[in-house]
Structures are given as structure tokens and as C-alpha cells.
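Data block below; observations after.
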Amino acid sequence: MSSDFEAYELDFGTITAEVTNKIGRIPKLSGEEKTQLVLNVDKQLEEVRELLEQMDLEVREIPIQSRPMYNSRLKSYKGEIEKLEKDFKRSRIAYSDEVRNDLLGDDAGSSENQLIKLREERAHLLDNTEKLERSSRRLEAGYQIAVETEQVGQEILSNLHSDREKIQKARER
């Protein structure tokens, strides 16, 4: 069962990487290309949500002692998809701003160049922020795994201790 979960994780990683790349490209495109890319990203986000549902179902079938680890991983994936959806929404708002400026006829050359420069800087800052947040999430997930591993180790040591006591009592008898 965990192999299915891991397969879903690989699919999740692949699709979210594609979505992240496409979200970064949305503000740089215009016209039909941009519309198609927005529709494509929306479709992929729906696919990721379905993957999360499948992962949730898989976690429910995993033995109880392994569930906390998979639940924490699933929780971090849900947080990541929420972040992607927010970024997608921001990129679509930037798209709406461009359409509005086109419709209103913002023809000032210098202000258009400034607007382009500001958008490029904003996109660069958003990319850097996203990288930082992704790194933070990875660190948090690593920490969570370390805590879970420590808990499992403590349980194993406790079981070994009780087994040792049972063996010693059996010898004494």
C-alpha cells in the first residue's frame, strides 16, 4: 500500500514542478498563449487535488502504526498545493491587470517600460520567495520525519526492554 502512496508522491512532485514552472511563465506571456497556459495550469491543479484525495485514501488503508508519518507528509503536500493555488491566483491577477491596461489604452511608453520592469522584479521576488518557502517546507518535513523516526526508535527500545524482562523472568523460572 505504501508503494502506491510513493507512486502518488512521485506524480505529485512531477506535476507540482510543472505547475510551478508554468505559473512563473504566465505573467510573461500574452494573448492566446497565456489563456491556454492558465487553462492548462487549472487542469493540472485539479489533477493534483485528485492525487491528494487518492493519497488520503491510501493513508487510511495503511497500518495504524505507520499512519502518523504518512499523515504528516500528506499534510505538507496539502500546504504546498494551497501555496501553488495562491501563486496561481496572483499570476492570474497580474494577467487581469495587463488586460485592463490594454483595454484602457495605457500607451505611455515610459510608464509601460516601468510597468514591465516592476512586473519582472515582482516575478523575480515571487520566485525567490517561493524557493525560500519550498526550502522551509522541506526542512519542516525533514524535521517532522526525524521526530517520527525518534518516536519509532523509542517504541522499539521500549519493546526490546519489555522483551528482555520477559526473557529474564523466563530464565529465572
Side-chain angles (χ1 to χ4, degrees), residues 2 4-59 68-150:
S2 66
D4 289 338
F5 186 87
E6 290 167 358
Y8 291 136
E9 282 182 312
L10 289 175
D11 291 344
F12 179 86
T14 303
I15 295 171
T16 54
E18 288 176 17
V19 167
T20 302
N21 183 14
K22 289 177 182 177
I23 288 173
R25 289 184 10 221
I26 287 174
K28 299 172 188 170
L29 298 176
S30 61
E32 186 62 31
E33 277 184 295
K34 185 176 276 191
T35 305
Q36 288 299 319
L37 192 59
V38 166
L39 291 174
N40 189 302
V41 168
D42 199 30
K43 183 179 176 183
Q44 283 186 313
L45 285 173
E46 183 61 34
E47 188 177 333
V48 168
R49 284 185 216 100
E50 290 174 10
L51 268 175
L52 286 175
E53 288 176 17
Q54 291 296 324
M55 292 166 88
D56 191 30
L57 291 174
E58 285 296 321
V59 167
M69 178 179 68
Y70 287 102
N71 277 329
S72 67
R73 287 161 64 179
L74 185 61
K75 185 178 178 181
S76 72
Y77 294 144
K78 287 179 181 179
E80 191 170 334
I81 191 67
E82 287 174 10
K83 167 77 171 79
L84 278 175
E85 288 172 340
K86 287 178 186 175
D87 290 346
F88 180 54
K89 188 175 181 179
R90 275 190 247 151
S91 70
R92 286 174 55 178
I93 289 171
Y95 169 66
S96 300
D97 289 345
E98 287 179 7
V99 170
R100 185 177 67 233
N101 287 339
D102 288 344
L103 290 173
L104 294 175
D106 186 9
D107 292 332
S110 63
S111 65
E112 183 69 29
N113 289 338
Q114 289 176 344
L115 184 62
I116 290 171
K117 188 175 181 179
L118 287 173
R119 286 206 175 117
E120 288 173 355
E121 289 174 0
R122 182 172 182 254
H124 184 67
L125 286 172
L126 286 173
D127 287 343
N128 288 339
T129 303
E130 180 181 330
K131 288 176 187 175
L132 183 62
E133 288 176 355
R134 206 174 328 144
S135 296
S136 296
R137 284 193 304 266
R138 285 186 187 139
L139 283 172
E140 183 65 32
Y143 175 74
Q144 202 61 327
I145 289 171
V147 168
E148 291 170 5
T149 303
E150 183 180 6

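All of these numbers come straight from a predicted model, not from anything done at the bench.
Residues K86 and K89 have side chains not in contact (no heavy-atom distance under 4.5 Å, counting atoms from C-beta outward). Counting only heavy atoms from C-beta outward, the side chains of L39 and K43 never approach each other to under 4.5 Å. A heavy-atom distance below 4.5 Å is found between the side chains of L118 and E121. Under the 4.5 Å side-chain criterion, counting only non-hydrogen atoms from C-beta, Y8 is not in contact with L52.
Once rounded to the nearest 0.5 Å, the distance linking CZ of R122 with CG of D127 reads 11.0 Å. In this structure, CD1 in I81 is found 12.0 Å from OG in S76, a value given to the nearest 0.5 Å. Between atom CG of residue L84 and atom OG1 of residue T20 there is a gap of 4.5 Å, rounded to the nearest 0.5 Å. Annotation: the span from E47 atom CD to T16 atom OG1 amounts to 11.0 Å, rounded to 0.5 Å. Distance check: K78 NZ to R73 CZ gives 14.5 Å after rounding to the nearest 0.5 Å. Summarising the geometry, atom CG belonging to N128 is positioned 8.5 Å from atom CG belonging to L132; distances are rounded to the nearest 0.5 Å.
With sequence neighbours excluded, the residues that form a side-chain hydrogen bond (donor to acceptor under 3.5 Å, both in side chains) with E46 are R49. Shown here are the side-chain contact (heavy atoms from CB on, under 4.5 Å) partners of D11, two or more places apart in sequence or in another chain: L51. F12 meets the ring-ring contact (aromatic ring centres under 6.0 Å, His included) test with Y77; sequence neighbours excluded. Legend: residues meeting side-chain hydrogen bond (donor to acceptor under 3.5 Å, both in side chains) with E18, ordered by chain and number and at least two apart, are Q44. Taking D56 as the reference, R60 meet the side-chain hydrogen bond (donor to acceptor under 3.5 Å, both in side chains) condition, with sequence neighbours excluded. Scored by the salt bridge (charged side-chain N to carboxylate O under 4.0 Å, His left out) test, K83 finds D87, E133 as partners (sequence neighbours excluded). Shown here are the side-chain contact (heavy atoms from CB on, under 4.5 Å) partners of N71, two or more places apart in sequence or in another chain: V59, R67. In this structure E130 satisfies the salt bridge (charged side-chain N to carboxylate O under 4.0 Å, His left out) test together with R134, sequence neighbours excluded. Evaluation of the side-chain hydrogen bond (donor to acceptor under 3.5 Å, both in side chains) rule for N40 yields K22 as partners, not counting sequence neighbours. By the side-chain contact (heavy atoms from CB on, under 4.5 Å) test, E150 is found to be paired with Q154, residues two or more places apart in sequence or in another chain being considered. Applying the side-chain contact (heavy atoms from CB on, under 4.5 Å) rule to E53 yields no partners; only residues at least two apart in sequence or on another chain are considered.
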Check step by step if side-chain contact (heavy atoms from CB on, under 4.5 Å) holds for E9 and Y70.
CA-CA 11 Å; E9 282 182 312; Y70 287 102; 5.6 Å; no
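Applying the salt bridge (Lys or Arg N to Asp or Glu O under 4.0 Å) test to residues at least two apart or on different chains, none of the pairs has a partner in residues 137-148.
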